[in-house]
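A quick write-up on the structure given underneath.
Atom set for the values below is all heavy atoms of this structure, side chains included, hydrogens, waters and symmetry mates excluded. If you read the sequence from its start, that first residue is 1, and numbering goes on from there.
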Amino acid sequence: MSGHVYARPLQGVVFLILAVACFATLDATVKFLSASVSVLLVVWFRYLFQAVVMAGFVLPTRGWRSLRTQHPWLHLLRGALLLLVSTLGFFSLIYMPLGEFTAIIMLTPLVVTLLAAVFLKEPANLLRWALVLGGFGGALLVIQPTGQAIGWAVALPLVMTLAYAVFQILTSRMARTEDAMTLHFYTGWTGALLISLALPWIWQVIDDLRTAALLGLAGLMGTVGHFLLIQAFARAPAGVLAPYLYVQIGFALFAGWLVFDHVPGALEWWGIALIAACGATMAWLAARSPQART
């Protein structure tokens with residue numbers, strides 16, 4: 001019995017690490033594609049790929065009844081939020097190195113803590129506030145000493161992180177009553193339909209096989225990554241998995257060096273380390289909370 005209990009969290013950690021590897025590959029692919037393809041077209045293809053794959057998976061195995069929901073407008077809001085996150089993230093990758101961009105994303109758990117304390121009146125002690133401030137201090141180190149003038153583009157990943165935090169809070173509330181695969185299905189189709197409205201203005205002909213293959217890779221990595229993420233959280237508690245999310249920074253730094261020959265400077269390394277340390281400590285505190293044990 002005990003062996004079975006411990007096997008599932010281990011499987012969850014493996015699925016999570018594979019998921020963040022997919023996300024790092026997705027980001028590297030998008031950054032590479034942005035030199036020749038409209039970012040919004042990449043967003044459209046990524047969501048269309050997920051929508052079609054999820055329809056082909058969910059409907060034959062679960063039927064139309066699995067799509068019934070009591071909260072259609074919340075699904076629409078959740079899908080629109082994730083579309084906003086993806087769009088801001090993909091535009092951010094044009095201007096920011098891959099590793100530094102990923103480090104900014106990892107502020108999300110800290111922003112969730114901030115929003116929950118301010119708007120949901122959830123308690124946050126002095127240590128949690130110190131971790132939030134430390135994470136934002138790390139972000140300042142990451143985004144300003146790059147040696148290049150990023151300018152207004154700095155706002156993109158910061159607004160994206162705020163939107164992603166709202167998305168996560170909404171997801172945590174909806175997950176109490178909605179099936180995970182149903183959430184994934186509606187997310188893909190909401191994003192695909194909304195971004196399709198812009199298709200007449202963003203369409204461009206893809207006339208080479210390599211670009212088409214990279215678009216397919218972006219769609220595949222986004223879809224598989226989110227599927228693996230669902231499988232991870234189905235097998236292990238969030239408190240166990242959360243610290244391993246920061247492995248994505250390592251994958252992103254490696255991809256940034258391998259594909260774009262970029263290595264962060266000394267201050268950037270300190271900022272990345274500070275964000276990872278504060279975020280992982282916050283995750284550890286969440287795992288020790290009474291709610292995480294029930």
* In chain order, what residues pass the ring-ring contact (aromatic ring centres under 6.0 Å, His included) check against Tyr186, with sequence neighbours excluded? -> His75
* To do: Please identify each residue that fulfils ring-ring contact (aromatic ring centres under 6.0 Å, His included) with Phe251, with sequence neighbours left out.
  => none
* To do: Return the orientation label for the Phe185 and Trp189 ring planes: parallel under 30°, perpendicular over 60°, tilted otherwise.
  => tilted
* To do: For the residue pair Trp203 and Trp44, categorise the inter-ring angle as parallel (less than 30°), tilted (30 to 60°) or perpendicular (more than 60°).
  =>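 Plane angle over 60°, so perpendicular.
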Close side-chain approach of [X] and [Y], heavy atoms under 4.5 Å:
| X | Y | result |
| --- | --- | --- |
| Met160 | Phe101 | yes |
| Leu40 | Leu199 | no |
| Val111 | Phe136 | yes |
| Phe91 | Ile94 | yes |
| Leu16 | Leu229 | yes |
| Leu158 | Leu162 | no |

* hydrophobic_cluster_shared for Leu133 and Leu141, side chain cutoff 4.5 Å -> no
* Establish whether Leu274 and Ile272 are linked, either directly or via other cluster members, by ILVMFWY side-chain heavy-atom contacts under 4.5 Å. =>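 No.
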I'd like to know whether [atom1] of [X] has more than 12 heavy-atom contacts from other residues, nucleotides or ligands below 6.0 angstrom.
| X | atom1 | result |
| --- | --- | --- |
| Phe49 | CZ | yes |
| Leu197 | CG | yes |
| Tyr246 | OH | yes |

* Asked: Have Thr190 and Tyr47 got a donor and an acceptor in their side chains that come within less than 3.5 Å?
  -> no
Which pair of non-hydrogen atoms, one from [X] and one from [Y], has the smallest distance, and what is that distance?
| X | Y | answer |
| --- | --- | --- |
| Thr25 | Thr29 | O-OG1, 2.7 Å |
| Ala139 | Ile275 | N-CD1, 3.7 Å |
| Leu110 | Gly135 | CD1-CA, 3.6 Å |
| Leu98 | Ala28 | CD2-CB, 3.7 Å |

Test your reading of the model: is there a side-chain donor-acceptor pair from [X] to the backbone of [Y], 3.5 Å cut-off?
| X | Y | value |
| --- | --- | --- |
| Thr223 | Leu220 | no |
| Gln204 | Ser38 | yes |
| Lys31 | Phe260 | no |
| Trp257 | His262 | no |

* To do: Identify the residue among Val159, Asp27, Leu156 that makes a side chain to side chain contact (heavy atoms under 4.5 Å, CB included) with Ser92.
  =>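 Of all the options given, the one that passes is Leu156.
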* For side chain to side chain contact (heavy atoms under 4.5 Å, CB included), just list the numbers for Gln231 and Gln11, CA-CA rounded to whole Å, side-chain angles, deciding distance to a tenth of an Å, and then say yes or no. => CA-CA 9 Å; Gln231 296 302 314; Gln11 291 174 13; over 6 Å; no
* side chain to side chain contact (heavy atoms under 4.5 Å, CB included) between Met96 and Ile104, worked out -> CA-CA 10 Å; Met96 291 192 68; Ile104 298 299; 4.3 Å; yes
* ring pair (Phe, Tyr, Trp, His ring centres under 6.0 Å) partners of residues 263-283, not counting sequence neighbours, each pair once ->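 Qualifying pairs, neighbours excluded: none.
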